[in-house]
2 protein chains.
Amino acid sequence: MNYSQQRNCILEIVMSDPVHPTVEQVYEKAKLRYPNISLGTVYRNLNQLSEHGILKKICSSYGSVRFDGRTDAHFHMICKDCQRVFDVELGEMLGLEDKLMDKFGFQVSEYEISIQGVCCDCKK
Amino acid sequence: MNYSQQRNCILEIVMSDPVHPTVEQVYEKAKLRYPNISLGTVYRNLNQLSEHGILKKICSSYGSVRFDGRTDAHFHMICKDCQRVFDVELGEMLGLEDKLMDKFGFQVSEYEISIQGVCCDCKK
DNA sequence: ATTAAACTTGAGAATGTTTATCACTTTTTA
DNA sequence: TAAAAAGTGATAAACATTCTCAAGTTTAAT
């Protein structure tokens with residue numbers, strides 16, 4: 001990857017504020033600095049940055065794709081109403097539901113762990 | 001929800017085989033029994049069934065949306081190559097990476113837990 | 001059984017999201 | 001500083017999902 005001003009700006013937008021923005025939100029913020037930036041450029045760069053493991057793509061059943069500047073192990077709480085994504089640290093998972101209610105006022109309704117990797121068939 | 005043959009067929013397709021099919025895969029299987037079934041009907045019913053908690057929608061960063069006939073607490077392993085989704089039981093999570101390698105030959109590269117619910121702002 | 005209301009369907013249009021294309025510009029390399 | 005490689009904006013294309021609606025089913029109350 002070569003350097004580019006636009007990609008750098010996109011990276012900063014996602015890294016600097018843990019709001020887990022959607023593509024559209026990144027686009028709106030990027031336009032403040034580069035008024036002519038195209039939506040395609042935002043998609044292209046978010047995807048490249050994810051593929052290089054610099055950002056993480058988050059997909060949930062509720063709402064649209066979002067991006068996360070944190071790539072270390074942690075969890076996400078996703079609100080079914082506003083679809084915002086909140087970070088949860090590993091330790092906060094012990095005694096899950098009560099703890100999340102006490103700490104964040106977040107009412108857990110279901111959760112899902114997904115593990116990415118390569119299956120035994122594809123490793124061949 | 002009224003009864004309908006098509007919805008029932010769609011439900012059976014997802015419930016009977018733990019392949020976690022995509023919309024398109026459900027559509028292809030449903031056409032064997034209802035050759036005129038429309039893709040819109042498949043989307044409509046998969047969404048209704050998920051909204052009623054009868055099926056679960058699975059979204060991952062790799063590949064497309066899939067549906068799961070199991071709604072009890074369990075995990076998913078998603079292959080980055082073939083994008084298939086495999087079930088993992090809760091107990092199998094202790095000593096995660098080694099255990100999954102021993103048991104399934106699945107090489108874990110990253111994982112993510114997402115918790116759905118309602119945040120403190122939206123509860124107001 | 002008959003009927004009315006509510007629900008569902010298939011077909012296709014409409015919308016929304018994401019990727020591809022291409023002439024041009026920027027960055028890197030040597 | 002020139003050539004190669006990579007990136008950009010604009011727009012078209014591809015793909016995914018939802019919407020619309022006339023016609024057909026299912027349900028519940030006569």
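Scope of the values below: all heavy atoms of this structure, side chains included, with no hydrogens, waters or symmetry mates. To find a chain, count down the sequence lines: A is the first, B the second, and so on, and within it residues start at 1.
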Open item on the list: Can you tell me if B/Asn45 touches the phosphate of C/dT8, counting only side-chain N or O atoms and a distance under 4.0 Å to OP1 or OP2?
Closed with: no

TODO: Verify side-chain hydrogen bond (donor to acceptor under 3.5 Å, both in side chains) between B/Ser50 and B/Lys56, making sure each step is shown before the conclusion.
DONE: CA-CA 5 Å; B/Ser50 306; B/Lys56 188 152 170 31; over 6 Å; no

- [ ] Mark yes or no for whether B/Asn8, through its side chain, and B/Ser4, through its backbone, hold a donor-acceptor pair below 3.5 Å.
- [x] no

Task: Between P of D/dA16 and NZ of B/Lys57, the distance in whole Å - done: 14 Å

TODO: Using a strict cut-off of less than 4.0 Å between a Lys/Arg side-chain nitrogen and an Asp/Glu carboxylate oxygen, indicate whether A/Glu110 and A/Lys80 qualify as a salt bridge.
DONE: yes

Task: N/O (side chain, A/Asn36) to phosphate O (OP1/OP2, D/dT8) under 4.0 Å - done: no

Task: 5' precedence on DNA chain D between B/Ser64 and A/Leu39 (nearest-nucleotide basis) - done: A/Leu39

Open item on the list: Can you tell me if B/Ser38 touches the phosphate of C/dT9, counting only side-chain N or O atoms and a distance under 4.0 Å to OP1 or OP2?
Closed with: no

TODO: Could you state the atom-to-atom distance from CG of B/Asn47 to P of C/dT9 in whole Å?
DONE: 13 Å

Task: Rounded interatomic separation in angstrom, taking NE2 from B/His52 and C1' from C/dT8 - done: 14 Å

Open item on the list: Please tell me if B/Tyr43 has a side-chain N or O lying less than 4.0 Å from either OP1 or OP2 of D/dT18.
Closed with: no

TODO: Indicate yes or no: does A/Lys29 engage A/Glu12 in a salt bridge with an N to O separation below 4.0 Å.
DONE: no

Task: Value rounded to 0.5 Å, distance of CD1 in B/Ile115 from OH in A/Tyr111 - done: 8.5 Å

Open item on the list: Between C1' on C/dA11 and OH on B/Tyr27, what's the gap in Å once rounded to a whole number?
Closed with: 10 Å

- [ ] Take the protein atom CG of B/Leu49 and the nucleotide atom C1' of C/dC7, then report the distance between them rounded to whole Å.
- [x] 15 Å

Task: A/Ile37 CD1 - C/dT26 C1' separation (whole Å) - done: 14 Å

Interface polar pairs with nucleotides 25-30 of chain D, N/O, under 3.5 angstrom:
unit_1: D/dT27; atom_1: OP1; unit_2: B/Tyr3; atom_2: N; d: 3.4

- [ ] Report yes or no: does A/Arg66 contribute a side-chain atom to a donor-acceptor pair with the main-chain N or O of A/Gln83 at less than 3.5 Å?
- [x] yes

TODO: Please state how far atom NZ in A/Lys31 lies from atom P in D/dA10, giving the value in whole angstrom units.
DONE: 11 Å

Open item on the list: One thing to verify: whether A/Asp72 and A/Arg70 come together as a salt bridge, which I'm taking to mean a side-chain N less than 4.0 angstrom from a carboxylate O.
Closed with: yes

Open item on the list: Using OP1 and OP2 only, check whether a side-chain N or O of B/Arg44 sits under 4.0 Å from C/dT9.
Closed with: yes

- [ ] Could you state the atom-to-atom distance from CD of B/Gln48 to C1' of D/dC19 in whole Å?
- [x] 14 Å

Open item on the list: Just to be sure I understand the geometry, which residues of residues 6-24 of chain B put a non-hydrogen atom under 4.0 Å away from DNA chain C?
Closed with: B/Gln6, B/Arg7

Open item on the list: Salt bridge or not between B/Glu89 and B/Lys99? Use side-chain N to carboxylate O under 4.0 Å.
Closed with: no

Task: Cation-aromatic face contact B/Lys103/B/Phe106, 6.0 Å, 45 degrees - done: no

